[in-house]
Amino acid sequence: MIDSAFGRIYDNRRSDSWSNELRKKRVSLLQSLIKSLPKPIKILDVGGLPPFWEVAGFSAYNTQDLDITLINLELEQIEHPKFKRIVGDARNMPQFQDREFDVVFSNSVIEHAGDYEDQARMAKEIRRVGKRYFIQTPNLYFPIEPHFLFPFFQFLPLDYRVWLLTHFDLGWYSKMDNWDEAKELLASTNLLSRKQLQEIFPGGTIQDEKVFGFNKAFIVYDGW
């Protein structure tokens, strides 16, 4: 399942955190790539919300310059002329034609698409509907799992992770009372390695987002 809630996470982070510093560099790269395109620019944001684009400085663009469609599993309440909202699943987007968008963007979403087969389906659809893409996702091998903020959490047995989440607040999540719901959440959160990311985005350029010499996350982009 594509969980649009992760589009909101950055609002709660401290402005001086290393996550924010990485985000600034990511946004700078995205801005430089988008500015190189002729206007108007048609963008599909998979699992995103308007605050990302506003904080990233894209609110300065004229509404005629950017046409941004947000696709989420649930209908988001949005009152803004720059954004269109669509309910859909990024693993299957028959409502869009091939190469319909100038850019497909997604920030920390593909790791919530399901298992590796689901992630590959999402990547295939992104490559189908977009002339270009810009995708960010955490690195499987970074020592601190980015959602639950627990060392090597992603490598623990599933039942042990469920036990931890049903007994403690972890990272961005409050303690969950329901074992089955916790298990479903954890089973659907699957981080990708560099090799896996390259497999599902063949030909894409991968850029590392490093913290203290470790690869915290990856950006994969292509089409420019």
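Residues take their numbers from the sequence shown, with the count starting at 1.
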ring-ring contact (aromatic ring centres under 6.0 Å, His included) evaluation trace for Phe101 with Phe96: CA-CA 9 Å; Phe101 295 92; Phe96 301 135; 4.9 Å; yes
Side chain to side chain contact (heavy atoms under 4.5 Å, CB included) between Thr205 and Val220, worked out: CA-CA 5 Å; Thr205 298; Val220 59; over 6 Å; no
Evaluation steps, side chain to side chain contact (heavy atoms under 4.5 Å, CB included), between Ile126 and Ile135: CA-CA 9 Å; Ile126 286 172; Ile135 311 299; 3.8 Å; yes
Trace of the side chain to side chain contact (heavy atoms under 4.5 Å, CB included) decision for Asp180 with Val162: CA-CA 9 Å; Asp180 290 335; Val162 175; over 6 Å; no
Stepwise salt bridge (Lys or Arg N to Asp or Glu O under 4.0 Å) check, Asp118 with Arg91: CA-CA 7 Å; Asp118 289 319; Arg91 296 167 296 189; 3.8 Å; yes
From CA spacing to verdict: side chain to side chain contact (heavy atoms under 4.5 Å, CB included), Trp224, Val103: CA-CA 10 Å; Trp224 279 272; Val103 180; 3.8 Å; yes
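For the pair Leu192 and Phe218, the tightest heavy-atom approach, listed with the atom from each and the gap, is O-CE1, 4.0 Å. The shortest heavy-atom contact between Gly88 and Gln95 is CA-NE2, 4.1 Å. Contact between Tyr133 and Pro202 at its shortest, heavy atoms only, is OH-O, 4.4 Å. Heavy-atom minimum distance, Leu165 versus Ala182: CD2-CB, 4.1 Å. Scanning both residues, Gln31 and Ala56, for their nearest heavy atoms gives NE2-O, 2.5 Å. When all heavy atoms of Asp222 and Gly204 are compared, the closest pair comes out as CB-CA, 4.0 Å.
In the hydrophobic clustering of this structure, Leu66 groups with Leu29; members are Ile, Leu, Val, Met, Phe, Trp, Tyr whose side-chain heavy atoms approach within less than 4.5 Å, directly or through other members. There is no path of hydrophobic side-chain contacts, each under 4.5 Å, that joins Leu22 to Leu191. Residues Tyr173 and Tyr160 are members of one and the same hydrophobic cluster, defined by side-chain heavy-atom contacts under 4.5 angstrom among Ile, Leu, Val, Met, Phe, Trp and Tyr. In the hydrophobic clustering of this structure, Leu140 does not group with Phe142; members are Ile, Leu, Val, Met, Phe, Trp, Tyr whose side-chain heavy atoms approach within less than 4.5 Å, directly or through other members. Leu185 is connected to Phe168 through a chain of hydrophobic side-chain contacts under 4.5 Å among Ile, Leu, Val, Met, Phe, Trp and Tyr, so both are in one cluster.
From Gln196, atom CD reaches atom CD1 of Ile110 across 10.5 Å, with rounding to the nearest 0.5 Å. The CD atom of Glu181 sits 7.5 Å away from atom CD of Glu184, with the distance rounded to the nearest 0.5 Å. Note: Arg23 CZ to Asn107 CG = 7.5 Å, rounded to the nearest 0.5 Å. For the atom pair CZ of Phe134 and CG of Asp45, the computed distance is 11.5 Å after rounding to the nearest 0.5 Å. Phe83 contributes atom CZ, which lies 10.5 Å from atom CG of Asp67 (distance to the nearest 0.5 angstrom). Note: Phe152 CZ to Ile144 CD1 = 7.0 Å, rounded to the nearest 0.5 Å.
Residues Leu73 and Asp89 are in side-chain contact: their nearest non-hydrogen atoms beyond the backbone lie under 4.5 Å apart. Between Lys216 and Asn139 there is no side-chain heavy-atom pair separated by less than 4.5 Å. Counting heavy atoms from C-beta on, the side chains of Ile71 and Met93 come closer than 4.5 Å. Within the 4.5 Å cutoff, no side-chain heavy atoms of Val87 are placed close to those of Glu74. Residues Leu70 and Trp53 are in side-chain contact: their nearest non-hydrogen atoms beyond the backbone lie under 4.5 Å apart. Looking at heavy atoms from C-beta onward, Val46 lies in side-chain contact with Val104 at the 4.5 angstrom threshold. Put simply, the side chain of Phe52 reaches to within 4.5 Å of the side chain of Val27, judged on heavy atoms. In this structure, the side chains of Ile34 and Ile41 come closer than 4.5 Å at one or more pairs of heavy atoms.
Contacts classified as salt bridge (Lys or Arg N to Asp or Glu O under 4.0 Å) and involving residues 154-163 (residues at least two apart or in different chains) are given here: Asp159-Lys183. A salt bridge (Lys or Arg N to Asp or Glu O under 4.0 Å) check over residues 196-211, counting only residues at least two apart or in different chains, returns the pairs Arg26-Glu209, Arg194-Asp208. Listed by first and then second residue, the salt bridge (Lys or Arg N to Asp or Glu O under 4.0 Å) pairs involving residues 127-149 are Asp98-Arg128, Asp102-Lys131, Glu125-Arg128 (not counting sequence neighbours).
By the ring-ring contact (aromatic ring centres under 6.0 Å, His included) test, Tyr141 pairs with Phe155, sequence neighbours left out. Every residue two or more places apart in sequence or in another chain that forms a ring-ring contact (aromatic ring centres under 6.0 Å, His included) with Phe153 is listed here: Phe148, Phe150. Residues satisfying the side chain to side chain donor-acceptor pair (under 3.5 Å) criterion with Lys42, sequence neighbours excluded, are Glu100.
Of the N and O atoms on the side chains of Gln136 and Ser106, not one donor lies less than 3.5 Å from an acceptor on the other residue.
By the 6.0 Å contact criterion, CZ on Phe214 is open, its count of non-hydrogen atoms from other residues, nucleotides or ligands being 12 or less. Within 6.0 Å of atom NZ in Lys175, 12 or fewer heavy atoms from other residues, nucleotides or ligands are found, so the atom counts as exposed in its surroundings.
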